[in-house]
Number of protein chains: 2
Amino acid sequence: MPADRTPRARPVARVPLSRDRVLRAGLALADEHGLEWLSMRKLGQALGVEAMSLYHHVTNRDDLVDGMIDLVFAEIEFPLDGEWQAAMRARAVSVRAVLGRHRWANGLMESRSTPGPANLRHHDDVIGCLRRAGFPVALVAHAYSLLDSYTYGFAMSDRALPFESPEQVAELAQAILARFPVDEYPHLAELTFEHVLKPGYDYGKEFAFGLDLLLDGLRRAGATT
Amino acid sequence: MPADRTPRARPVARVPLSRDRVLRAGLALADEHGLEWLSMRKLGQALGVEAMSLYHHVTNRDDLVDGMIDLVFAEIEFPLDGEWQAAMRARAVSVRAVLGRHRWANGLMESRSTPGPANLRHHDDVIGCLRRAGFPVALVAHAYSLLDSYTYGFAMSDRALPFESPEQVAELAQAILARFPVDEYPHLAELTFEHVLKPGYDYGKEFAFGLDLLLDGLRRAGATT
DNA sequence: AAGATACGCTTACGATGTAAGACTGTCAAG
DNA sequence: CTTGACAGTCTTACATCGTAAGCGTATCTT
């Protein structure tokens with residue numbers, strides 16, 4: 001330590017940056033403000049660092065996002081033992097919950113061309129579970145495609161809604177239908193007023209219906225168990 | 001600089017801009033280069049106009065995208081007569097085809113908070129079809145959520161793949177697995193090598209399997225027909 | 001003829017991702 | 001202890017983005 005007595009205050013030995021710290025800070029900010037809001041400068045600021053310093057831990061913004069996505073994958077829970085239908089249901093529910101926490105991640109989970117280790121691990125586990133349950137390879141491909149498409153697709157619709165409170169849903173629906181003559185869309189209006197805006201309705205509950213239908217169909221399609 | 005006597009050539013009476021022309025040009029450019037690539041300046045350039053001129057026909061970039069999305073919705077084909085299962089199948093197939101042409105549109109179809117007329121029209125038609133087929137309102141909500149989630153979700157996975165040729169698929173798979181020790185992901189490797197990379201495989205065909213499973217499940221769930 | 005409106009253009013501002021390179025503290029080898 | 005390499009930070013700079021403000025002109029209305 002030269003410069004001992006200089007007023008050159010370097011008092012706080014600040015926590016050094018690391019890829020992990022960068023990714024986690026990015027995750028937190030994206031959760032709070034959205035992925036689009038997140039810029040290298042803002043991320044740097046949150047870490048008490050200039051933007052360019054981040055590039056020593058992350059090769060560019062895309063790489064940052066790749067890393068964040070893999071953190072999201074790591075949050076997905078998948079029970080490795082037990083019956084396949086229960087496992088698949090638990091997985092789907094977990095994916096939905098995780099994507100609820102990280103709404104920005106939604107379109108990006110399957111479209112990364114450089115999947116991270118957690119991503120691959122997860123896929124391998126799921127495929128393994130189905131194989132162990134006696135699914136032939138071709139059916140595994142079918143099942144995987146079906147379940148993933150549904151789960152991600154549902155999460156996508158889900159994300160559109162503010163979904164915090166029923167009042168907000170009602171407000172949004174009203175706002176949309178108010179911009180157009182209601183009688184041009186009678187069926188849409190019926191569904192909205194007679195069903196969606198009724199007290200007990202919660203779009204999230206649709207998820208279980210579809211999921212059960214899928215699992216039942218898959219079972220029928222040929223699991224040996 | 002009034003540039004008094006300049007031969008201020010205004011020779012070609014150029015086609016005047018219009019909202020429709022702007023939207024369609026945007027659509028074409030986004031199809032070719034992606035939505036992110038498309039900027040107001042580039043769009044202006046393609047139309048032989050400065051960027052700011054576009055704002056007389058579109059309130060901002062978001063409005064531009066909204067309009068483009070509604071053009072996409074208008075491309076979806078939905079047969080208004082005939083049996084509900086056939087109609088739903090045709091619709092899903094059409095959605096997939098449309099999203100194949102306009103890959104950039106994928107995450108945006110359901111998450112717009114200001115849906116256009118084609119969007120609402122389409123939803124109304126689909127709901128009407130199911131109602132006429134005897135579905136009670138609650139089941140319509142279930143069915144709609146299920147079919148849309150699956151269709152959009154599938155299109156999302158689909159989009160990730162270059163999907164032009166089987167060789168490209170193989171190349172991508174190889175590239176991904178090459179970055180990691182294969183034996184850590186035995187099931188993923190099996191599925192890839194024993195199935196996906198086999199000559200006849202085409203991911204697109206998975207779509208039909210899932211779609212039929214869904215429709216069958218829905219029929220079972222209570223259509224009167 | 002006069003005024004309004006529609007529609008194009010110019011300029012300008014603050015943000016973004018990131019290339020290039022300067023500075024500084026840490027640590028290994030001489 | 002000195003020296004040099006290197007890793008990690010910061011500074012500067014640039015092209016590009018969306019769009020606010022306002023100017024100019026061609027066309028339409030009165």
Side-chain angles (χ1 to χ4, degrees), chain A residues 1-26 29-30 32-69 104 108 112 114, chain B residues 1-26 29-30 32-69 104 108 112 114:
Chain A
M1 276 49 287
D4 17 16
R5 357 179 285 87
T6 67
R8 201 61 159 63
R10 168 76 77 248
V12 194
R14 66 179 160 191
V15 193
L17 242 42
S18 73
R19 177 165 233 264
D20 194 64
R21 241 164 63 79
V22 170
L23 296 183
R24 285 181 196 285
L29 288 178
E32 193 175 354
H33 299 107
L35 188 59
E36 196 168 71
W37 176 90
L38 181 65
S39 72
M40 298 304 274
R41 284 173 236 256
K42 284 171 184 157
L43 177 53
Q45 192 169 11
L47 288 161
V49 135
E50 296 301 315
M52 290 310 290
S53 304
L54 303 172
Y55 284 84
H56 278 253
H57 303 96
V58 134
T59 75
N60 53 34
R61 192 176 190 275
D62 257 24
D63 182 41
L64 169 71
V65 174
D66 275 339
M68 287 161 57
I69 292 284
W104 53 270
L108 312 172
R112 299 278 93 179
T114 56
Chain B
M1 46 281 0
D4 20 5
R5 20 178 244 76
T6 64
R8 208 57 166 63
R10 170 75 77 246
V12 194
R14 66 179 160 196
V15 193
L17 242 41
S18 73
R19 175 165 235 262
D20 195 63
R21 241 164 64 79
V22 170
L23 296 183
R24 284 180 196 286
L29 288 178
E32 193 175 353
H33 299 107
L35 187 58
E36 196 167 68
W37 176 92
L38 180 65
S39 71
M40 299 303 276
R41 283 172 237 255
K42 285 172 184 157
L43 178 52
Q45 192 169 9
L47 288 162
V49 134
E50 296 301 316
M52 288 311 290
S53 303
L54 303 172
Y55 285 84
H56 280 197
H57 306 278
V58 132
T59 75
N60 52 35
R61 193 178 189 273
D62 257 25
D63 182 41
L64 168 72
V65 174
D66 275 340
M68 287 162 56
I69 292 284
W104 52 270
L108 311 172
R112 299 278 92 178
T114 57

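Any value given below was found using the heavy atoms of this structure, including those in side chains, with hydrogens, waters and symmetry copies removed. Predicted, not measured: the structure shown is a model, and the values here were computed from it.
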Notebook entry, point to check: Glu50(A) has an atom CD; how far is it from atom C1' of dG21(C), in whole Å?
Noted result: 16 Å
Next item on the list: Rounded off to whole Å, could you give me the CG-to-P distance for the Leu54(B) and dA6(C) pair?
Entry: 18 Å
Note to self: On a heavy-atom basis, which atom in Leu23(B) and which in Leu64(B) lie closest, and how many Å separate them?
What the structure shows: CD2-O, 3.6 Å
Notebook entry, point to check: Can you name the salt bridge (Lys or Arg N to Asp or Glu O under 4.0 Å) partners of Asp62(B), sequence neighbours left out?
Noted result: none
Check: Taking OP1 and OP2 of dG8(C), is either one under 4.0 Å from a side-chain nitrogen or oxygen of His57(B)?
Finding: yes
Next item on the list: Starting from C1' on dA15(C), measure out to CD on Gln45(A) and report it in whole angstrom.
Entry: 13 Å
Check: Do Leu38(B) and Met68(B) have side chains that get closer than 4.5 Å, going by heavy atoms?
Finding: yes
Next item on the list: Output the single nucleotide from dG8(C), dC10(D), dG8(D) whose closest atom is nearest the side chain of Leu17(B).
Entry: dG8(C)
Next item on the list: Assign a letter to each nucleotide of nucleotides 13-19 of chain D from its 5' end: B, base within under 4.0 Å of a protein heavy atom; S, sugar-phosphate only; -, no contact.
Entry: ----BBB
Item checked: Spacing of Glu32(A) atom CD and Trp37(A) atom CH2 [to the nearest 0.5 Å] -> 7.0 Å
Margin query: Would you say Ser53(B) places a side-chain N or O within less than 4.0 Å of OP1 or OP2 belonging to dC9(C)?
Written below: yes
Check: How long is the line joining CD of Glu36(B) and P of dT16(C), in whole Å?
Finding: 15 Å
Next item on the list: Could you grab the distance from atom CG of Asp63(B) to atom CZ of Arg61(B), nearest 0.5 Å is fine?
Entry: 12.0 Å
Note to self: Could you tell me how far apart Leu43(A) (CG) and dT16(C) (C1') are, to the nearest whole angstrom?
What the structure shows: 14 Å
Check: Could you give the distance from CG (Leu54(B)) to CG (Asn60(B)), rounded to the nearest 0.5 Å?
Finding: 12.0 Å
